[in-house]
Amino acid sequence: MSEKKNIKTRQVVTAHPSSLKHSNSNLEENSGLWAKITRNWPISLASLLSISWITFCVMISDSSEFVLRDSTLIEISTVLSGAFLPLIMIWIFALVLIRINP
């Protein structure tokens, strides 16, 4: 067994692919409202869908005969889970899109 004490190794570290996307950070971008909306379109779309879903749920709850005082805990939890599950799915999908394409 020989010891190689005087060997010099060259360590190479490559750049992460996400850092290559930000290499042109000196370019001027349009900072208007429309540019921010189009740049963050998943968040804008998720916000619009969330507001429309909440409005739809409020309209349905106003027109239904569901009485909160006469309901059991199981019925209340079923209604709330049915109302919040689409919101959770919308935001998970939007966050996955942001993560895939930053």
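Positions are given from 1, in the same order as the sequence printed here.
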Mind jotting down which residue pairs meet the ring pair (Phe, Tyr, Trp, His ring centres under 6.0 Å) criterion with at least one end in residues 74-98? Sequence neighbours excluded, please. none
Should we say atom CG of Leu80 is surrounded by more than 12 heavy atoms from elsewhere, each under 6.0 Å from it? yes
Ignoring hydrogens, what is the shortest heavy-atom contact between Trp53 and Ala83? Give both atom names and the distance. NE1-O, 2.8 Å
Atom pair CG (Leu49) and CE (Met89), whose distance is rounded to the nearest 0.5 Å: 13.0 Å
Without placing hydrogens or testing angles, list every side-chain donor-acceptor pair under 3.5 Å for residues 55-62, not counting sequence neighbours.
from	atom 1	to	atom 2	distance (Å)
Thr55	OG1	Ile51	O	2.7
Ser61	OG	Cys57	O	3.3
Ser61	OG	Val58	O	2.9

When rounded to the nearest 0.5 angstrom, what is the spacing between CD1 in Ile90 and CG in Leu85? 10.0 Å
Going from OG on Ser50 to CG on Leu45, what distance comes out if it is rounded to the nearest 0.5 angstrom? 9.0 Å
